[in-house]
Amino acid sequence: MGKIFSFRYALLLSVLLFSISSYGFVKAYIHGHREQYISSLQDVDTVSPEYDMLKNTIDSVIDSSLVKNPALIQNDKTLNVLGTTIELGESADSILDKLGSPNRIAKTEMDFDYYVYNNNYSKLLFVAIKDNKVAGYYTDSIDFNYLGITSGSSLKMVNELLNTDLAMDYVMTHTTENYILHVFMDEIGSHRVTGISLLVANTNDIGYTAESIRDTQLIVYDLTNSIRKRNGIPILSWSSTAAKAAAKHSIDMAENAYFEHYNLYNKTPGDRLKEEGIYYQSIGENIIAGYENAIICSHAWFNSPEHRDNILNKNYKNLGVGFTYLEDSIYKTYITQNFFK
């Protein structure tokens, strides 16, 4: 199965690679169908306003969702996780009986909510509930098992279990008439499975609301802490003040048609935090635009070296996330992470 470009996951990294040309210095980009960018910036040890820019890229992203694959084997709708089973179509009440009340219920831009189970970040679980039934799930829990695919499974094992020929990428997609399966990989490190999601095929985009925008930010926060926990790094505290600064930057990029760590007035991430009253010892920022959802975004960051460095930086103690959606903007969705100590 080859790589297929689509509007959903044609991820484009913001590449601040400066090269000499006949026109002087140019910014290099990789272009896909739907232009999507990510960029990171960090200043680990000082409060200097000088920042290093992103210098590496990731190749295009696989999406086999345009290809209808046959159904998998029996029990292909069932996930084993947290010492129990979760199956597409089972009732929300059944989930509550098995797992208890979720830590929160997150609104999404789709016609389902996520029951968020995040009391242990090494066993993070989102259960998608639509019409009081399970419409899907996402997990990167260390104990999940889906058809024999577990955290740490190899690409070879994934292909054998799914009867596919997927190429290594940070998200690999298998689609049937009934559901869409995503297998998330550590493409630049272990080359092993890091998470999995399954969603019924009949979900619909209902658009963002103020509530789902807020919950998108918290989902990114949960996913970031899950990555840190699974890598033996202390989790980050939520900073509503940093989230405010991050949201302002995301909105500014959307409204003023740019994608940079420096805004149109040349203000840095550090300047923006200071304007909100945060004085820091170290700071880092990740930005992304045009991504499909919070889960895809977080795995994209994790599979870019500079973004991963920010996510796994042991010096950082706090995180604020700011998301916005603007239909008339270039990339529609913009998200900013601000890390600091």
Side-chain angles (χ1 to χ4, degrees), residues 6 8-9 11 61-65 69 71-72 75-82 84-90 95 99 102 105-118 121-130 133-153 155 158 161-162 164 166 169-187 192-205 212 215-216 218-220 222-227 230 291-303:
S6 78
R8 288 177 63 83
Y9 303 124
L11 179 68
V61 179
I62 188 169
D63 180 18
S64 60
S65 61
N69 299 306
L72 301 178
N75 298 324
D76 60 356
K77 299 178 182 180
T78 302
L79 173 72
N80 293 284
V81 67
L82 306 186
T84 190
T85 59
I86 299 173
E87 185 170 350
L88 293 186
E90 75 173 287
I95 296 300
L99 299 175
I105 297 177
K107 295 293 183 182
T108 73
E109 75 281 11
M110 307 299 288
D111 58 350
F112 60 80
D113 297 337
Y114 273 132
Y115 283 13
V116 176
Y117 293 91
N118 65 355
Y121 275 121
S122 65
K123 295 185 177 182
L124 181 65
L125 172 66
F126 304 152
V127 182
I129 301 295
K130 175 181 177 179
K133 293 183 178 180
V134 174
Y137 39 74
Y138 166 84
T139 188
D140 54 21
S141 175
I142 58 174
D143 71 344
F144 82 82
N145 186 315
Y146 175 78
L147 291 177
I149 299 172
T150 63
S151 179
S153 289
L155 174 62
V158 171
L161 291 169
L162 299 182
T164 54
L166 300 172
D169 247 309
Y170 86 92
V171 55
M172 304 185 303
T173 306
H174 180 86
T175 302
T176 75
E177 293 182 356
N178 299 315
Y179 57 78
I180 300 171
L181 169 69
H182 294 314
V183 181
F184 297 97
M185 304 293 291
D186 179 357
E187 184 185 8
R192 301 277 174 165
V193 171
T194 57
I196 196 168
S197 73
L198 193 72
L199 276 176
V200 295
N202 64 343
T203 58
N204 299 297
D205 190 334
S212 62
D215 288 341
T216 294
L218 292 175
I219 287 173
V220 172
D222 284 335
L223 292 165
T224 303
N225 272 336
S226 177
I227 293 170
R230 287 183 287 107
Y291 73 95
E292 185 65 18
N293 57 50
I295 294 172
I296 297 292
C297 161
S298 297
H299 281 275
W301 273 329
F302 183 64
N303 277 279

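FYI, the numbering just counts along the sequence from 1. Computed from a predicted structure; not experimentally measured.
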Are [X] and [Y] packed together at the side-chain level, in the sense that at least one heavy-atom pair is separated by less than 4.5 angstrom?
{"X": "Thr78", "Y": "Tyr146", "answer": "no"}
{"X": "Thr139", "Y": "Ile196", "answer": "yes"}
{"X": "His174", "Y": "Thr164", "answer": "yes"}
{"X": "Leu79", "Y": "Leu198", "answer": "no"}
{"X": "Ile95", "Y": "Ile86", "answer": "yes"}
{"X": "Ile142", "Y": "Lys123", "answer": "yes"}
{"X": "Ser141", "Y": "Leu125", "answer": "no"}
{"X": "Asn303", "Y": "Asp186", "answer": "yes"}

With sequence neighbours left out, what residues match [X] under side chain to side chain donor-acceptor pair (under 3.5 Å)?
{"X": "Lys130", "answer": "Asp111"}
{"X": "Thr194", "answer": "none"}
{"X": "Lys107", "answer": "Asp113"}
{"X": "Thr224", "answer": "Gln337"}

Looking at every non-hydrogen atom in both residues, tell me the closest pair between [X] and [Y] and how far apart they are.
{"X": "Gly152", "Y": "Arg192", "answer": "O-CD, 2.9 Å"}
{"X": "Tyr137", "Y": "Lys77", "answer": "OH-O, 3.1 Å"}
{"X": "Met185", "Y": "Ser153", "answer": "CE-O, 4.3 Å"}
{"X": "Ile219", "Y": "Ala106", "answer": "CD1-CB, 4.2 Å"}
{"X": "Glu292", "Y": "Ile296", "answer": "CB-CG1, 4.4 Å"}
{"X": "Ser298", "Y": "Leu223", "answer": "OG-CD1, 3.4 Å"}

Report task. Report the residues that fulfil ring-ring contact (aromatic ring centres under 6.0 Å, His included) with Phe126, sequence neighbours left out, ordered by chain and then residue number. Result ->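 ring-ring contact (aromatic ring centres under 6.0 Å, His included) check on Phe126 returns Tyr114, Tyr138.
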Requested in this report: Working to the nearest 0.5 Å, report the span between CG of Asp76 and OG1 of Thr176.
Outcome: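 Here the rounded value is 7.0 Å.
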Report task. Mind running side chain to side chain contact (heavy atoms under 4.5 Å, CB included) on Val134 and Ile129 for me, showing each step along the way? Result -> CA-CA 5 Å; Val134 174; Ile129 301 295; 4.1 Å; yes
Requested in this report: Not counting sequence neighbours, which residues clear salt bridge (Lys or Arg N to Asp or Glu O under 4.0 Å) with Asp222? List them please.
Outcome: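 For Asp222 the salt bridge (Lys or Arg N to Asp or Glu O under 4.0 Å) partners, ignoring immediate neighbours, are Arg104.
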Requested in this report: For Glu90, check salt bridge (Lys or Arg N to Asp or Glu O under 4.0 Å) against everything at least two apart and list the hits.
Outcome: Lys98
Query - Pair listing, salt bridge (charged side-chain N to carboxylate O under 4.0 Å, His left out) test, anchored in residues 139-153, at least two apart - result: Asp140-Arg230
Report task. Step by step, work out the side chain to side chain contact (heavy atoms under 4.5 Å, CB included) result for Ile295 and Phe184. Result -> CA-CA 10 Å; Ile295 294 172; Phe184 297 97; 3.6 Å; yes
**Report entry** Met172 and Leu155: CA distance, side-chain angles, deciding distance, side chain to side chain contact (heavy atoms under 4.5 Å, CB included) verdict
**Finding:** CA-CA 10 Å; Met172 304 185 303; Leu155 174 62; 3.5 Å; yes
Requested in this report: For Asp215 and Thr108, run side chain to side chain contact (heavy atoms under 4.5 Å, CB included): C-alpha distance rounded to whole Å, both residues' side-chain angles, the deciding distance at 0.1 Å, then the answer.
Outcome: CA-CA 7 Å; Asp215 288 341; Thr108 73; over 6 Å; no
Requested in this report: Using side-chain contact (heavy atoms from CB on, under 4.5 Å) as the criterion, list what pairs up with Leu199, not counting sequence neighbours.
Outcome: Phe112, Ala128
Report task. Under the side-chain contact (heavy atoms from CB on, under 4.5 Å) rule, collect the residues that match up with Asn225, sequence neighbours excluded. Result ->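 In terms of side-chain contact (heavy atoms from CB on, under 4.5 Å), with neighbours along the sequence ignored, Asn225 is linked to Tyr121, Tyr221, Arg228, Ile235, Leu236.
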